[in-house]
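Down below is the structure, laid out as structure tokens.
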Amino acid sequence: MAAGGELQLLGSWYSPYVIRAQLALGLKGLSYEYIEQDLFDKSDLLLQHNPVHKKVPVLIHGGKPVCESLVVVQYIDETWAGTGPALLPADAHDRATARFWAAYVDDKLFQSWRALFRSTTDEQRAEAFKNTVPQVETMERAFWECSKGKDFFGGDAVGLVDIALGSFLMWYKVVDEVAGANLLDEAKFPGLAAWAERFLALDVVKEAMPEYGRLLEHYKGFIANLAAPAGYN
């Protein structure tokens, strides 16, 4: 459906944070203009609408910007509350719990996994993987708590926590491929492994996710640059 007012999304194809916004828009059935951004040569449009962080995603609704991925997802849910599925629970405590776990994905899980993502040697990868496992264990417990025996963190349908964690799944796969790892090991994390399979099978998710081969090549290039003497900081 068409969104009320002009709706644009500034993003980069490989960004898991942009995927969050795309998932929320897709789940709500909203049409929008997607404007790809080069984060190494930032456009005036991006700098104008996100002068503080200068990052994507930026959702522009009726000329007004909304920044930061989890804020964008919640803005979409609130603004189009009567459209498509609710992304946050109706119950206040359940809603607070969902926000807590979505923040945990960024503040704890991502910060541990980022070391694995940036590792360039087998020794670094082994250490980073070991340090990430406890956060995955915590998310496994969170899944059983939030899902209450149903398919998703949001219960019967995808919600905020599904979007927050699910946006990284393709990245987990490509980093696992390069690192020789298996972050969501079915034997260790049966809940998360089954959840990930269900999540990735959804049509709206397939549409939002970057193509695996393209993302893998992008990541290999990133690692090669990082390992070079004058690599990324």
Side-chain angles (χ1 to χ4, degrees), residues 1 3 7 9-11 15-30 32 53 55-59 61 65-114 135-172 183-184 189 191-209:
M1 64 168 288
L7 195 58
L9 179 65
L10 309 186
S15 169
Y17 302 104
V18 173
I19 291 169
R20 291 175 176 178
Q22 291 174 310
L23 287 171
L25 291 163
L27 287 163
K28 290 289 187 178
L30 300 172
Y32 61 96
H53 295 302
K55 294 179 179 179
V56 292
V58 178
L59 182 72
H61 181 207
V66 184
C67 305
E68 296 296 287
S69 62
L70 293 180
V71 175
V72 169
V73 171
Q74 293 176 75
Y75 176 84
I76 292 167
D77 193 42
E78 292 170 0
T79 303
W80 291 278
T83 302
L87 304 179
L88 280 157
D91 178 80
H93 184 268
D94 289 345
R95 196 159 58 246
T97 299
R99 286 176 171 141
F100 174 89
W101 287 118
Y104 183 91
V105 170
D106 285 355
D107 298 341
K108 298 295 184 182
L109 177 56
F110 172 73
Q111 292 306 319
S112 294
W113 177 80
R114 184 174 183 270
Q135 282 70 48
V136 181
E137 290 173 343
T138 298
M139 288 307 301
E140 173 80 3
R141 294 193 296 271
F143 172 72
W144 294 114
E145 174 191 338
C146 294
S147 67
K148 300 175 183 176
K150 296 181 179 179
D151 285 348
F152 300 102
F153 282 91
D156 289 320
V158 166
L160 178 66
V161 186
D162 299 282
I163 292 171
L165 182 59
S167 64
F168 281 97
L169 287 176
M170 199 60 70
W171 270 110
Y172 290 164
L183 191 64
L184 301 186
F189 310 116
L192 284 179
W195 161 81
E197 188 174 340
R198 286 191 295 270
F199 184 81
L200 290 171
L202 297 172
D203 287 341
V204 69
V205 174
K206 291 177 182 177
E207 291 173 7
M209 286 292 175

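All residue numbers refer to positions in the sequence shown, counting from 1.
- A donor-acceptor pair is defined here as one N or O able to donate and one able to accept, closer than 3.5 Å; such a pair exists between the side chain of Lys28 and the backbone of Thr83.
- Proximity of Asp94 to Lys148: side-chain heavy atoms (C-beta onward) are separated by under 4.5 Å at one or more points.
- Residues passing the side-chain hydrogen bond (donor to acceptor under 3.5 Å, both in side chains) test with Gln74, sequence neighbours excluded: Arg99.
- Considering only residues two or more places apart in sequence or on other chains, Thr97 meets the side-chain contact (heavy atoms from CB on, under 4.5 Å) condition with His93, Trp101, Glu145, Cys146.
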Pair Val136-Leu192, side chain to side chain contact (heavy atoms under 4.5 Å, CB included): steps then yes or no
CA-CA 9 Å; Val136 181; Leu192 284 179; 3.8 Å; yes
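- Under the rule for a salt bridge (Lys or Arg N to Asp or Glu O under 4.0 Å), Lys108 has no partner lying at least two apart in sequence or in another chain.
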Could you go through residues 160-168 and list every donor-acceptor pair under 3.5 Å that involves a side-chain atom there, pairing it with any protein atom two or more places apart or in another chain?
unit_1 : atom_1 : unit_2 : atom_2 : d
Asp162 : OD1    : Phe153 : N      : 2.8
Asp162 : OD1    : Trp195 : NE1    : 2.7
Asp162 : OD2    : Phe153 : N      : 3.3
Asp162 : OD2    : Gly154 : N      : 2.9
Asp162 : OD2    : Gly159 : N      : 2.9
Ser167 : OG     : Pro16  : O      : 3.4
Ser167 : OG     : Arg20  : NE     : 3.2
Ser167 : OG     : Ile163 : O      : 3.4
Ser167 : OG     : Ala164 : O      : 3.0

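- Screening residues 79-90 for salt bridge (charged side-chain N to carboxylate O under 4.0 Å, His left out) gives no qualifying pairs among residues at least two apart or on separate chains.
- Taking both residues in full, the closest heavy atoms of Ala103 and Leu70 are given as N-CD1, 4.3 Å, listed atom of the first, atom of the second, then distance.
- Residues that satisfy the side-chain hydrogen bond (donor to acceptor under 3.5 Å, both in side chains) test with Tyr17, not counting sequence neighbours, are absent from this structure.
- For the salt bridge (Lys or Arg N to Asp or Glu O under 4.0 Å) test, no residue two or more places apart in sequence or in another chain qualifies with Arg95.
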Check residues 200-209 and write down every donor-acceptor pair under 3.5 Å in which the side-chain atom is one partner and the other belongs to a residue at least two apart or another chain.
none

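- Taking every heavy atom of both residues into account, Met139 and Leu109 meet most closely at CG-CD2, 4.1 Å.
- Qualifying side-chain hydrogen bond (donor to acceptor under 3.5 Å, both in side chains) partners for Glu140, counting only residues two or more places apart in sequence or in other chains: Trp144.
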What verdict does the side chain to side chain contact (heavy atoms under 4.5 Å, CB included) test give for Phe152 and Phe143, after you've listed the backbone C-alpha separation in whole Å, the side-chain angles of each residue and the deciding distance to 0.1 Å?
CA-CA 8 Å; Phe152 300 102; Phe143 172 72; 5.5 Å; no
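- Residues Leu9 and Pro57 meet the side-chain proximity criterion, which asks for heavy atoms closer than 4.5 Å.
- To the nearest 0.5 Å, the span separating CG on Leu59 from OG on Ser69 amounts to 12.0 Å.
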Between His61 and Tyr75, does the side chain to side chain contact (heavy atoms under 4.5 Å, CB included) criterion hold? Intermediate values first, please.
CA-CA 10 Å; His61 181 207; Tyr75 176 84; 2.8 Å; yes
Working note: Leu25 + Leu7, criterion side chain to side chain contact (heavy atoms under 4.5 Å, CB included); need CA distance, chi angles, decisive distance, verdict.
CA-CA 10 Å; Leu25 291 163; Leu7 195 58; 3.9 Å; yes
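- With rounding to the nearest 0.5 angstrom, the CE atom of Met170 is 8.0 Å from the CD1 atom of Ile19.
- For Ser112, the side-chain hydrogen bond (donor to acceptor under 3.5 Å, both in side chains) partners are Gln135, not counting sequence neighbours.
- Between the Asp77 side chain and the Leu87 main chain, a donor and an acceptor come within less than 3.5 Å of each other.
- Taking OH from Tyr172 and CG from Leu184, the interatomic distance works out to 7.0 Å, rounded to the nearest 0.5 Å.
- Residues Val58 and Val66 have side chains not in contact (no heavy-atom distance under 4.5 Å, counting atoms from C-beta outward).
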